[in-house]
Chemist: 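Here you go, one structure.
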Amino acid sequence: MVTIVNLKGFDEFVSYTENIDPNGSITLFYFSGSKTNNGKSWCPDCEVAEPIVKAFLGELKKNVTFVFVDVGERDYWKEKTCPFRLDSRTRLMVIPTIIKWKGVQRLEGSQCNNRELLQMLFEDEDD
């Protein structure tokens with residue numbers, strides 16, 4: 001029921017968003033730091049959140065699209081001009097961040113580790 005998509009960088013994010021079916025399944029985006037050679041993200045908060053989010057998705061019984069977005073290397077992310085920070089659709093201030101596409105709901109930083117908050121984010125979809 002959960003469709004997982006993996007994107008790398010801002011250009012892939014933009015291309016993907018241009019093709020989202022407004023009548024299709026709910027789409028959520030998870031923004032995190034890129035993985036280093038050891039397979040772990042340079043972002044320690046992302047490393048804590050990702051297994052919790054993936055476990056939650058594995059238990060989810062809803063028709064949703066969940067998109068993992070790699071925001072890039074640490075130096076790129078830290079730039080004030082990073083497009084993920086400036087884009088009006090994302091306006092990221094911290095990673096990890098989960099946003100509901102075309103919605104106002106979002107989880108930021110350590111909120112992404114909280115199963116209750118994850119549950120609430122998905123429960124809102126019943127409306």
Chemist: Should the pair F31 and F13 be assigned to parallel (<30°), tilted (30 to 60°) or perpendicular (>60°) ring geometry?
Modeler: perpendicular
Chemist: For the residue pair E73 / S34, report whether a side-chain donor-acceptor contact shorter than 3.5 Å exists.
Modeler: yes
Chemist: Taking atom CD of Q111 and atom CG of D45, what is their separation to the nearest 0.5 Å?
Modeler: 12.0 Å
Chemist: Are I4 and V71 linked, directly or through other ILVMFWY residues, by side chains that come within less than 4.5 angstrom of each other?
Modeler: no
Chemist: Minimum heavy-atom separation for K35 and E50, please, with both atom names.
Modeler: NZ-OE1, 2.7 Å
Chemist: Using the rule that Ile, Leu, Val, Met, Phe, Trp and Tyr join whenever any side-chain heavy atoms are under 4.5 Å apart, tell me whether L92 and V94 fall into a single cluster.
Modeler: no
Chemist: What's the verdict on side chain to side chain contact (heavy atoms under 4.5 Å, CB included) for I52 and L118, showing C-alpha distance, side-chain angles and the deciding distance?
Modeler: CA-CA 10 Å; I52 295 166; L118 286 167; 4.3 Å; yes
Chemist: Evaluate whether atom CG of N38 has more than 12 neighbouring non-hydrogen atoms of other residues, nucleotides or ligands under 6.0 angstrom away.
Modeler: yes
Chemist: More than 12 heavy atoms of other residues, nucleotides or ligands under 6.0 Å from CG of D21: yes or no?
Modeler: yes
Chemist: To the closest 0.5 Å, what do you measure between CE (M120) and CG (L117)?
Modeler: 5.5 Å
Chemist: With the side chain counted from C-beta on, respond yes when S25 and F66 share a heavy-atom pair under 4.5 Å apart, and no when they do not.
Modeler: no
Chemist: Determine, using the 4.5 Å side-chain heavy-atom cutoff (strictly less than), whether I26 and F68 are members of one ILVMFWY cluster.
Modeler: yes
Chemist: Tell me the closest heavy-atom pair linking R85 and K78, and the distance in Å.
Modeler: NH2-CA, 4.0 Å
Chemist: Check for a donor-acceptor pair, side chain of R74 on one end and backbone N or O of G33 on the other, with a separation under 3.5 Å.
Modeler: no
Chemist: Quick one: pull up NZ in K100 and CZ in R106 and give me the separation to the nearest 0.5 Å.
Modeler: 12.5 Å
Chemist: Find the distance between CH2 (W77) and OG (S32) and round it off to the nearest 0.5 Å.
Modeler: 10.5 Å
Chemist: So do F122 and V2 actually touch side chain to side chain, heavy atoms under 4.5 Å?
Modeler: no
Chemist: Taking a hydrophobic cluster as the set of Ile, Leu, Val, Met, Phe, Trp and Tyr residues connected by side-chain heavy atoms closer than 4.5 Å, whether directly or through intermediates, do I95 and Y16 fall within one such cluster?
Modeler: yes
Chemist: Check for me whether K54 meets the cation-pi criterion with Y30, that is, NZ or CZ under 6.0 Å from the six-membered ring centre and within 45 degrees of the ring axis.
Modeler: no
Chemist: Look at the side chain of W101 and the backbone N and O of R89, then say whether any donor-acceptor pair between them is shorter than 3.5 Å.
Modeler: no
Chemist: Would you indicate whether E59, at its atom CD, is surrounded by more than 12 heavy atoms from other residues, nucleotides or ligands within a distance under 6.0 Å?
Modeler: yes
Chemist: Taking all non-hydrogen atoms of both residues into account, name the closest pair between A49 and P96 and its distance.
Modeler: CB-CG, 3.8 Å
Chemist: Check W42 against P44 and note the closest heavy-atom contact, atom names and distance.
Modeler: O-CD, 3.2 Å
Chemist: How many angstroms lie between CZ in F10 and OG1 in T90, if you round to the nearest 0.5 Å?
Modeler: 6.0 Å
Chemist: Only one of I99, N114, I98 passes side chain to side chain contact (heavy atoms under 4.5 Å, CB included) with L121; say which it is.
Modeler: I98
Chemist: Out of curiosity, M1 CE to L57 CG, how far, rounded to the nearest 0.5 Å?
Modeler: 13.0 Å
Chemist: Any chain of hydrophobic side-chain contacts (each under 4.5 Å) joining F29 to L107?
Modeler: no
Chemist: So which atom in V69 and which in G9 form the shortest heavy-atom distance, rounded to 0.1 Å?
Modeler: CG1-O, 4.5 Å
